[in-house]
Amino acid sequence: MRVQRTAGASDAPTHLRTSEVAGLLQVSPKTVSRWALEGKLPFLKTLGGHRRYPANEIKALRERLTEPAQA
């Protein structure tokens, strides 16, 4: 998995590509894009118009989704 780091800042948050988010959440890249457009996933757009997703928030979401249900 390739993680993007903002240039010039060592403590900057890392961002994931759509395909990386899809792999982490075990859904298709189209689903990730749809969720982003629906406001379900946070993202930023690059100058080229590509979406990048904050890695820490996506990983936290994955943890919440994989937690066993409380009975």
Side-chain angles (χ1 to χ4, degrees):
M1 177 181 346
R2 193 167 66 195
V3 178
Q4 301 295 317
R5 201 173 271 288
T6 305
S10 61
D11 60 339
T14 57
H15 291 80
L16 303 172
R17 297 172 182 262
T18 301
S19 61
E20 294 168 330
V21 174
L24 285 171
L25 300 180
Q26 298 180 354
V27 297
S28 74
K30 285 192 177 257
T31 299
V32 172
S33 294
R34 188 178 72 244
W35 287 349
L37 291 174
E38 292 172 354
K40 296 178 180 178
L41 292 177
F43 69 93
L44 57 85
K45 278 210 171 183
T46 66
L47 293 176
H50 300 280
R51 289 184 195 90
R52 295 294 182 260
Y53 304 86
N56 57 345
E57 292 184 45
I58 298 301
K59 290 175 182 175
L61 173 61
R62 182 181 70 170
E63 292 298 320
R64 287 194 308 269
L65 292 174
T66 57
E67 287 178 355
Q70 299 294 327

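Note that the coordinates shown come from a computational prediction; the quantities given were computed from them, not determined experimentally. Index from 1, following the sequence.
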- Query: Taking atom CZ of R52 and atom OG1 of T18, what is their separation to the nearest 0.5 Å?
  - Reply: 7.0 Å
- Query: Rounded to the nearest 0.5 Å, what separation is found between the CD1 atom of I58 and the NE2 atom of H15?
  - Reply: 10.0 Å
Distance-only criterion, 3.5 Å: show the donor-acceptor pairs between side-chain atoms of residues 32-44 and protein atoms not counting sequence neighbours.
{"unit_1": "S33", "atom_1": "OG", "unit_2": "P29", "atom_2": "O", "d": "3.3"}
{"unit_1": "E38", "atom_1": "OE1", "unit_2": "K40", "atom_2": "NZ", "d": "3.2"}

- Report the C-alpha distance between L61 and R64 in whole Å, list the side-chain angles of each, state the deciding distance to 0.1 Å, and finish with yes or no for side chain to side chain contact (heavy atoms under 4.5 Å, CB included). CA-CA 5 Å; L61 173 61; R64 287 194 308 269; 3.5 Å; yes
- Which pair of non-hydrogen atoms, one from S28 and one from A22, has the smallest distance, and what is that distance? C-CB, 3.8 Å
- Message: Quick check for you: to the nearest 0.5 Å, what is the distance between Y53 atom OH and L24 atom CG?
- Response: 12.5 Å
